[in-house]
Protein chains: 2
Amino acid sequence: MSDVAREAGVSPMSVSNAFKRPEIVQPETRERILTAARRLGYVPNGVAGTLASGRSRMVAALVPSIRNSSFARTVQGLSDQLAEQGYQLLLAVADTAERERQAIESVLGRRPDGIILTGNEHHPDTIRLLRQSGVPLVETWILSGPILDMAVGFDLNEAAQAMGRLLVSRGYRHIGFAGYAPAERSRFLERQRGFQAALREAGLRDDLLFYAEETAGFAGGRLAMAVLRAQEPRLDALFCVTDIFAVGALFECQRQGLVVPRDFAVAGYGDFEIAAEVVPGLTTVRTRGYEIGRAAAHLIVERAEGGIPAPRIDVGFEVIIRGSI
Amino acid sequence: MSDVAREAGVSPMSVSNAFKRPEIVQPETRERILTAARRLGYVPNGVAGTLASGRSRMVAALVPSIRNSSFARTVQGLSDQLAEQGYQLLLAVADTAERERQAIESVLGRRPDGIILTGNEHHPDTIRLLRQSGVPLVETWILSGPILDMAVGFDLNEAAQAMGRLLVSRGYRHIGFAGYAPAERSRFLERQRGFQAALREAGLRDDLLFYAEETAGFAGGRLAMAVLRAQEPRLDALFCVTDIFAVGALFECQRQGLVVPRDFAVAGYGDFEIAAEVVPGLTTVRTRGYEIGRAAAHLIVERAEGGIPAPRIDVGFEVIIRGSI
DNA sequence: CTGAAAGCGCTTACAG
DNA sequence: CTGAAAGCGCTTACAG
């Protein structure tokens, strides 16, 4: 920077201003500075800037997986929104509470202007570290329950209940549930609760439950069908907590010669791209992962610039009806 | 840090050493320091560390998309490898040369220890900036042609040629190609060239070509079938540059009552999870996106620690035969 | 609108 | 093994 200042015949201060607050420096001085900078290939050192100003224009995000379409959408939303506002994204993929703790610790050393988390279940040490740091926080994909600072999500319970009711209204009477293990995690549990509530309302049994690992992929749906049909041979429908399980179930029906939805109905969750393409189309809950990412980034930036945004944002959901039920 | 030093009754230097080079400070002093740090909730300021040392322990990656399984795998590989080595990932999603340039500029201000790019086609300004910065570079998903510094990928031409030959050997005689637009991008073009070479070897026509946007998704396969079958009614096979197009084509066959592979054959590229699940299973080229990410991260870290790694790494590919051809 | 001074919180290289 | 000094490249707050 001092090189640029010398080259342009001004003080370092003016160079700094020419980059950060161009309107404050006289047009011709600014021009001289920018020309000198270009000639020297000068790129301002943001590290020094962060240290001096205490603002990093960097936001960290922790996601459990990048392969999952939902979180991929969220990351895309974060990335788009942050880029638009001149911020950068520090990404950490952490699929366990322990890895999350480690990631948080190293991320905190970078002094981000905010941290975006997934869900509301964290290691106690993580919570302590975050609280201590005072950094603005957004928890995503969850809306109810205790939150640390801010949250962006939708009503998981209601979304699952809506789909449960739809299945009931279509006349299915032995409806299974394919969920994520471990089932006690609140992000997972709320969906199950909503589903069960809908079945109980209708006086149907609500204990046809199967749990597969988040990483199970399409196999989750196949396994759920096998296990639940063994448990209840009259099983006529399956609600899956992810379209991936649901599409796996559809493929399994195809292999077994079951005609969907005549012989068996399948409903999903996520409205991933494949839901609209598979034959028959998948009836599913459309979640708004991209919007969650954008909203979360927006909250952090608002706070970083001194605003006091609403602490909880509900991006909603939608039931998309296609041919699979 | 000085608070911790005071609390522990040592100099700031020793606090620094206790964190960065614990073996250099006496066990009991170290213990005293770490206890004090824990009590005060001290997290070392990595920003100041970076400024002072010139090393950021941060690696930036630019990918065109995070929704594409291939790049999602690469990002996962990067993330895993970097986390293992105590580095962090600065992620930028840039789907055009112009956005790439912007991203590079802002990323460079952060003084990363290395930058990982996708492909080898960049804006001239981008190249100038990168050269000037002297930061270690890895270009991914490409191996041939000019590279800026280091590269990790596989032989795209050969992979496509292998699949082309397989189709020919199975007796298909009117084989179409569903590629990405714009077709002149080298990452895309090499696949087409390999495919065409295989057809010409066999004396077959090699001009049944269709290009869809990278963002076309499953629709790419559907469109390719419609256009190419109109162009050549005897079309009996389709090679797609992504499994997504291929699965889209399979679904289209299903809708039209075409039995695969009896009436029509489909081959893909990527070996995404769905390739093994769809009915019939998709014959495809297995690419190694995860390994590309890991290797790229490894190259940067090696260089950051003073090593001189091999400039090009070939992670290979594999043809996976299932039921679709 | 422009500039000289102090300081952000570390690390480096050197001395003890 | 431990520490006092200088410096990394900016920004802040203030004076001119």
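We use all heavy atoms of the structure for the numbers below, so side chains are in, but hydrogens, waters and symmetry mates are not.
Among residues at least two apart or in separate chains, salt bridge (charged side-chain N to carboxylate O under 4.0 Å, His left out) pairs with a member in residues 88-99 of chain B are Asp95(B)-Arg99(B), Glu98(B)-Arg101(B). Within the structure, side chain to side chain donor-acceptor pair (under 3.5 Å) contacts touching residues 36-46 of chain A (residues at least two apart or in different chains) are Glu7(A)-Arg39(A).
Applying the side-chain hydrogen bond (donor to acceptor under 3.5 Å, both in side chains) rule to Glu190(A) yields the partners Ser144(A); only residues at least two apart in sequence or on another chain are considered. The ring-ring contact (aromatic ring centres under 6.0 Å, His included) check on Tyr87(A) picks up nothing, with sequence neighbours excluded. Partners of Glu84(B) by side-chain hydrogen bond (donor to acceptor under 3.5 Å, both in side chains), not counting sequence neighbours, listed by chain and number: Arg294(B). Judged as a side-chain hydrogen bond (donor to acceptor under 3.5 Å, both in side chains), and not counting sequence neighbours, the contacts of Gln76(A) are Asp80(A).
Listed pair Thr29(B) / dT2(D) meets the phosphate criterion, a side-chain N or O lying under 4.0 Å from OP1 or OP2. Side-chain nitrogen and oxygen atoms of Ser11(B) include none within less than 4.0 Å of the OP1 or OP2 phosphate oxygen of dA4(D).
Side-chain contact, Glu100(B) with His122(B): a donor N or O sits under 3.5 Å from an acceptor N or O.
The interatomic distance linking Leu51(A) (CG) with dC8(C) (C1') rounds to 4 Å, in whole Å. Spacing between atom CZ of Arg110(A) and atom C1' of dG9(C) amounts to 14 Å, rounded to whole angstrom units. Rounded to whole angstrom, the span from the CG atom of Leu108(B) across to the P atom of dG9(D) amounts to 15 Å. If you measure from atom CZ of Arg30(B) to atom C1' of dT2(D), you get 15 Å, rounded to the nearest angstrom. Per the geometry, CG belonging to Asp3(B) stands 11 Å off C1' belonging to dG9(C), to the nearest Å.
In DNA chain C, consecutive stretches of 3 or more Watson-Crick or G-U wobble pairs with both distances under 3.5 Å are given as paired ranges: C:1-3 with D:14-16, C:5-12 with D:5-12, C:14-16 with D:1-3.
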How does protein contact run along nucleotides 10-16 of chain C, one letter per nucleotide 5' to 3', with B for base contact, S for sugar-phosphate only, - for none, heavy atoms under 4.0 Å?
-> BBBB---

Distance-only check: which donor-acceptor pairs under 3.5 Å involve side-chain atoms of residues 13-30 of chain B, not counting sequence neighbours?
residue: Arg30(B); atom: NE; partner: Pro22(B); partner atom: O; Å: 3.2
residue: Arg30(B); atom: NH2; partner: Pro22(B); partner atom: O; Å: 3.4

